[in-house]
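Note that the coordinates shown come from a computational prediction; the quantities given were computed from them, not determined experimentally. Counting convention: from 1, in listed order, for ligands and their atoms alike.
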Amino acid sequence: MYNFDEVIDRRNTNSLNTDGFRSYIFHADETMTFPYKDEEFIRMWVADMEFATPEVIIDAMRERLDQRIFGYTRVFSNDYYEAVSSWCKRRYDWDFKKEELVTSNGIIPALYELVDYICKPDEKVLFSTPSYAYFKYAADYNNREYVCSDLADNNGRYTMDFDDFEKKAADEKTTLFIFCNPHNPTGRVWTEEELKRLAAIIEKYGLWVISDEIHCDLTRQNQKHIPLGKIMPDYKKLITCMAPSKTFNLAGMMISNIMIRDEALREIWFSRHYNFDNPLSVAASQAAYERGEPWLKELCAYLDKNFEFTKAYLADHLPKAVFSISEATYLAWVNLKEYFNKDEELPMFFAYEAGVLLEGGNMFVQNSDRYIRLNLACPRAVLEEGLRRICKAVNEKSNNR
Ligand code: LCS
C-alpha cells in the first residue's frame, strides 16, 4: 500500500543528513572534499529515514496550517494524552498517568536537563557501552562524570555484564543510569528476564533511571518491546522517554514524550523547563499515535526485509564480517575486526573509498572499535548499492594488503 521504494530528493531542505555530514561525522567544514560529489554519496549515517512521513500525519499538519494562527502552544488537550497512552496500552500493555506526561523539544534536550535536575555536581551518570554518544554528552554538558559498563558481544548478539554493572551501580556517587531500551547501536530488545535482573540492581542501589525508549516502535516483527516502567510499576525514580520522531520520520519536528513519575522532579521540570511546543509538531505527534499504525506495520515489514537482505549480502560478500540482525531500530551494527586495524578511521575510509556515509565505532563512546553502523531505513535499491560499494571497497583493500 505504501511505497517505500520511492527515492526522495532531500537536498535543499537544510537536512542534516544531506548537508551536515562534514561537520557531524568529520568535524570539518565545506572545504573538505571527496572523490564523490555530495549527491553521489549513499547516505547510511544519521538516524532518520529516507521514507516519506505517512500522509495521515501530513494531513493533520495541513489542517493545523489551515487554522492560520501559530501562537504560543503547549499541550493542554486531553486528546494528546489519550493518543499517546492508548498507543502504549495497545502496543506495550503499559499505562502511565496523565500528570506524568510532559513534552520536550526532543529527548536529547530532556536528557541534558534531567542530568542537571537529578545529579548533584559530584554525582555520576552510568550507561552501557557502546552507547549513543549523547548519553555521554548529557553528562559532559553538565560537568558530571560518567561511568561506562561495557556490554558483551557474543558473536553479534549483545548482553549486559550484570556483575560489572552492579559494581558500577554500587558506587554511592553513581546516582543515575541512562538506559537505552531497545539499544542503539546494538539493536537489542531486552528480554523480560534481563529487565528484571537490571531492575533488581537499580532498586537495590536506589538509582534514578531514565529509560530512553525512542526506538521501541521499530522492532523486528518477531520481537516484543517491554517498557522498563512495566517491569518496575511502582518505582518512582524512573523516567521514560518516547517519541514519534524515529518511528514516523519526524525528527525535525522536535517533539518527544517524557513520563516523569516523581512529583518533586516534575515540579523542578515545570519550574525550569522552557515549556512550549511547536503547534505543527503537536498536531503531527497526535495524528501519528492516533492514525499512524497501519503505515508503521508496513514500514516494519519493509525493514525486516532490508535486514534479511543485508544479512545475506554480507554473508556472501564479506564473510568475515560479524553481524546479527538487530532486534529493533533500523540500524545495523557490523563488526569488521577481521578487515581493519585498530587505528583505522572507518567513516573516512568508507566516504573516500566507497562513497558511503556511515557512522563508525569511534562515534559510540567505547567498546565499539572497528564496528560500523549502517542505517537501513532506505529504499531497497539504495541499500543494495550501499552494500555493494561497502563490500567492494573492503575486498579491494584486503586484496591489496
Ligand atoms: N535517544 C536515542 C537512543 C537516540 O538514538 C536518538 C537519536 C535520540 C535519543 C534523539 O532524540 P531526539 O532528541 O531527536 O528526540 N539517534 C540518532 C542516532 O543514533 N544518530 O542520529 C540520531
Of all pairs that satisfy side-chain hydrogen bond (donor to acceptor under 3.5 Å, both in side chains), the ones with a partner from residues 308-323, not counting sequence neighbours: none
side-chain hydrogen bond (donor to acceptor under 3.5 Å, both in side chains) contacts touching residues 245-254 (sequence neighbours left out): Asp217-Thr247
First locate atom CZ of Phe165, then atom CG of Asp163, and finally report the distance between them rounded to the nearest 0.5 Å. 12.0 Å
Given Phe127, which of Tyr146, Phe179, Phe177, Tyr137 fulfils the ring-ring contact (aromatic ring centres under 6.0 Å, His included) condition? Tyr146
Throw together a table of side-chain donor-acceptor distances under 3.5 angstrom for residues 103-114, partners on residues two or more places apart or in other chains.
unit_1 : atom_1 : unit_2 : atom_2 : d
Thr103 : OG1    : Asp277 : OD1    : 3.1
Thr103 : OG1    : Asp277 : OD2    : 2.8
Ser104 : OG     : Gly106 : O      : 2.6
Asn105 : ND2    : Phe276 : O      : 3.4
Glu113 : OE1    : Tyr117 : OH     : 2.6
Glu113 : OE1    : His273 : ND1    : 3.0
Glu113 : OE2    : His273 : ND1    : 2.7

Between Asp66 and Arg62 (salt bridge meaning N to carboxylate O under 4.0 Å), is one present in this structure? no
Check ligand 1 against the protein and report each N/O to N/O distance under 3.5 Å, formatted as atom name, atom name, distance.
unit_1   : atom_1 : unit_2 : atom_2 : d
ligand 1 : 1 (N)  : Asp212 : OD2    : 2.5
ligand 1 : 5 (O)  : Asn184 : ND2    : 2.8
ligand 1 : 5 (O)  : His215 : NE2    : 2.8
ligand 1 : 13 (O) : Ile107 : N      : 3.0
ligand 1 : 13 (O) : Ile108 : N      : 2.9
ligand 1 : 15 (O) : Ile107 : N      : 2.7
ligand 1 : 19 (O) : Asn184 : ND2    : 2.9
ligand 1 : 19 (O) : Arg373 : NH1    : 2.7
ligand 1 : 19 (O) : Arg373 : NH2    : 3.3
ligand 1 : 20 (N) : Ala47  : N      : 3.3
ligand 1 : 20 (N) : Arg373 : NH2    : 3.2
ligand 1 : 21 (O) : Ala47  : N      : 3.0

